[in-house]
A.B. asks: 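Got a structure for you, written out below as structure tokens; questions coming shortly.
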Amino acid sequence: MGPSADSISPLSNGLDPKSVFNKIWRGSEDGSIRLKPMPKFGDPYDEREWVKAHLAAVFRYWGKMGYADGLAGHITVRDPVLPGYYWYARFMSVFLAAPVFCFQWSSGASPIALKVSKLVLVDPNGRPSPYGAQLPINNAGFFIHSAIHQARPDVKAAAHCHSIHGKAWSVFGKPIEITTQDACVFYDNHSVYDNFGGVVLASEEGKNIARALGPKNKTCILQNHGLLTHPWLFVVGTTVDEAAYLFTSLDKQCHVMLFTAAASSSGLKPKVIGNEEAEYTAKFVQDPDVAYSDFQPEFDLLVEETNRAFLK
């Protein structure tokens, strides 16, 4: 049985003791030493610059993780300034987004070389706007991401690529199992699109994927495609940082599932975490501020490793 979240000692530093995020860290009593949640902005133009910096960082991180696969893969983030516009970025070419602000990276550039100045701002019609890099975007990415952003107004960032473990697990057309603490982030937060309609070059297939994601899930496995986090994986998030963390976590859990399946062939049987314990853990690990914070060590490391090159 999982412990009650209310059993954790309340904070004495004036911060909200009922906040899930405030229960995962311990700082000074006066609150001067604390873990910072997602930033809040009074100026949408300041938020735009923050969005661009973090989107570029996520692409650099994906490059480090080995997720680049030709023209496949895309990330979109809603623009805080222009409704219906997306920042779009894409591996080895350009990434697209639908009716939102989108940054995309240029054709022929590797994800490792991506930087803020190569991001594309896509208009509601899926065309590069004059406010970002003047580069083409990925057509399949447009159909997928536009459908998801239209169906899910709560989604600010959506990410998809053909990671190796995600592709391998996707061929089974099965959801991942909640077999580890880290996997609890996908408890009641995960779906499977159990059909492969080929390369997505029409709006209807994008709508099918959006329906498979559902009204509340943040992660989806696309059979014979990959992962969508919002024989593929697809993930979505409140921030691009959350989407990045969820995508990497889902790909890792797919890796765990493949290892588990191999071990099961010898007669070993995996122990799946119970619903009560999984639900309790999910309350913490699914919190958007927690997921955002999980990616910040990678962001800080990229700033140091690149001498801020991706911010140019």
Side-chain angles (χ1 to χ4, degrees), residues 21 24-27 32-41 46-69 73-77 87-92 95 103-106 109-119 156-166 180-183 185-186 218-219 227 229-230 233 235-256 284-312:
F21 176 73
I24 69 164
W25 58 272
R26 190 174 185 86
S32 60
I33 300 174
R34 58 166 302 179
L35 186 63
K36 295 181 180 179
M38 293 181 289
K40 300 186 185 308
F41 297 90
D46 289 341
E47 184 176 359
R48 172 187 281 182
E49 295 307 308
W50 183 88
V51 163
K52 292 162 64 177
H54 284 249
L55 177 57
V58 169
F59 270 102
R60 291 274 184 144
Y61 175 64
W62 274 19
K64 288 176 60 178
M65 295 296 292
Y67 292 163
D69 189 9
H74 11 84
I75 304 174
T76 56
V77 185
W87 287 108
Y88 189 94
R90 166 181 170 276
F91 287 134
M92 305 304 294
F95 280 86
F103 281 116
Q104 168 165 345
W105 82 25
S106 73
S110 80
I112 296 176
L114 185 79
K115 51 189 175 183
V116 166
S117 60
K118 291 185 178 181
L119 296 171
K156 291 187 177 180
H160 158 71
C161 73
H162 301 182
S163 58
I164 187 65
H165 303 118
T180 68
Q181 175 176 298
D182 294 336
V185 73
F186 307 115
K218 289 189 174 182
T219 64
L227 311 181
T229 62
H230 258 142
L233 307 183
V235 299
V236 297
T238 304
T239 60
V240 69
D241 308 66
E242 179 185 11
Y245 170 72
L246 288 175
F247 190 98
T248 303
S249 296
L250 185 52
D251 189 61
K252 289 179 178 179
Q253 184 60 19
C254 286
H255 197 178
V256 170
F284 292 91
V285 295
Q286 289 181 5
D287 180 80
D289 279 313
V290 173
Y292 161 81
S293 297
D294 280 324
F295 183 71
Q296 297 322 293
E298 301 295 344
F299 182 90
D300 294 340
L301 181 59
L302 283 165
V303 170
E304 183 173 343
E305 288 178 337
T306 68
N307 194 26
R308 306 178 67 86
F310 68 92
L311 299 174
K312 299 176 181 178

A.B. asks: Rounded to the nearest 0.5 Å, how far apart are CD1 of Ile24 and CG of Asp287?
C.D. replies: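 Result: 7.5 Å between the selected atoms.
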
A.B. asks: Identify whether the distance between the nearest side-chain nitrogen and carboxylate oxygen of Glu242 and Lys156 falls below 4.0 Å.
C.D. replies: no

A.B. asks: Do Trp62 and Ile75 have side chains that approach each other closer than 4.5 Å (heavy atoms only, starting at C-beta)?
C.D. replies: yes

A.B. asks: Taking the side chain as everything from C-beta on, heavy atoms only, tell me whether Leu119 gets closer than 4.5 Å to Leu114.
C.D. replies: yes

A.B. asks: Before you tell me yes or no, could you show the steps for Gln286 and Lys218 under side chain to side chain contact (heavy atoms under 4.5 Å, CB included), namely the whole-Å CA-CA distance, both residues' side-chain angles and the distance that decides it to 0.1 Å?
C.D. replies: CA-CA 10 Å; Gln286 289 181 5; Lys218 289 189 174 182; over 6 Å; no

A.B. asks: According to the interplanar angle, ranging from 0 to 90°, do the rings of Trp50 and Phe41 count as parallel (below 30°), tilted (30 to 60°) or perpendicular (above 60°)?
C.D. replies: tilted

A.B. asks: Hey, could you give me the CZ/CZ distance between Arg60 and Phe299, rounded to the nearest 0.5 Å?
C.D. replies: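 If we round to the nearest 0.5 Å, Arg60:CZ and Phe299:CZ are 11.5 Å apart.
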
A.B. asks: Set out, in order, the CA-CA distance, both residues' side-chain angles and the distance that settles side chain to side chain contact (heavy atoms under 4.5 Å, CB included) for Val58 and Glu298, then state yes or no.
C.D. replies: CA-CA 9 Å; Val58 169; Glu298 301 295 344; over 6 Å; no

A.B. asks: When rounded to the nearest 0.5 angstrom, what distance separates CG in Leu55 from CZ in Phe310?
C.D. replies: 11.0 Å

A.B. asks: Quick one: are Lys36 and Met38 in side-chain contact, heavy atoms under 4.5 Å?
C.D. replies: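 No; the side chains remain at least 4.5 Å from each other.
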
A.B. asks: Angle class for the His255/His165 ring planes (parallel below 30°, perpendicular above 60°, tilted otherwise)?
C.D. replies: parallel

A.B. asks: If you round to the nearest 0.5 Å, how far is CH2 of Trp25 from OG of Ser293?
C.D. replies: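 Going from OG on Ser293 over to CH2 on Trp25, the span is 10.5 Å.
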
A.B. asks: Assess the residue pair Lys40 and Glu47 against the criterion (salt bridge (Lys or Arg N to Asp or Glu O under 4.0 Å)); give the C-alpha distance rounded to whole Å, side-chain angles, the decisive distance to 0.1 Å, and a yes or no.
C.D. replies: CA-CA 8 Å; Lys40 300 186 185 308; Glu47 184 176 359; over 6 Å; no

A.B. asks: Are the ring centres of Tyr67 and Tyr61 closer than 6.0 Å?
C.D. replies: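 Between Tyr67 and Tyr61, the centre distance exceeds or equals 6.0 Å.
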
A.B. asks: Could you give the distance from CZ (Phe59) to CG (Leu302), rounded to the nearest 0.5 Å?
C.D. replies: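 Atom-to-atom, Phe59:CZ and Leu302:CG are 13.5 Å apart.
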
A.B. asks: Looking at OG1 of Thr180 and CZ of Phe186, how far apart are the two atoms once the value is rounded to the nearest 0.5 Å?
C.D. replies: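 It is 8.5 Å, given to the nearest 0.5 Å.
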
A.B. asks: Determine whether the aromatic ring centres of Phe21 and Phe284 lie less than 6.0 Å apart.
C.D. replies: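 No; Phe284 has its ring centre 6.0 Å or more from that of Phe21.
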
A.B. asks: Heavy atoms only: give me the nearest Ala243-Ala159 pair and the separation to one decimal.
C.D. replies: CB-CB, 4.4 Å

A.B. asks: For side chain to side chain contact (heavy atoms under 4.5 Å, CB included), just list the numbers for Lys64 and Leu301, CA-CA rounded to whole Å, side-chain angles, deciding distance to a tenth of an Å, and then say yes or no.
C.D. replies: CA-CA 12 Å; Lys64 288 176 60 178; Leu301 181 59; 3.8 Å; yes

A.B. asks: So do Leu250 and Leu246 actually touch side chain to side chain, heavy atoms under 4.5 Å?
C.D. replies: no

A.B. asks: Where do Phe247 and Cys161 come nearest, in terms of heavy atoms and distance?
C.D. replies: CZ-SG, 3.3 Å

A.B. asks: The test is side-chain hydrogen bond (donor to acceptor under 3.5 Å, both in side chains); show your working for Asp241 and Gln296 and say whether it passes.
C.D. replies: CA-CA 8 Å; Asp241 308 66; Gln296 297 322 293; 2.9 Å; yes

A.B. asks: Who pairs with Gln181 by side chain to side chain contact (heavy atoms under 4.5 Å, CB included), at least two apart in sequence or on another chain?
C.D. replies: Thr281

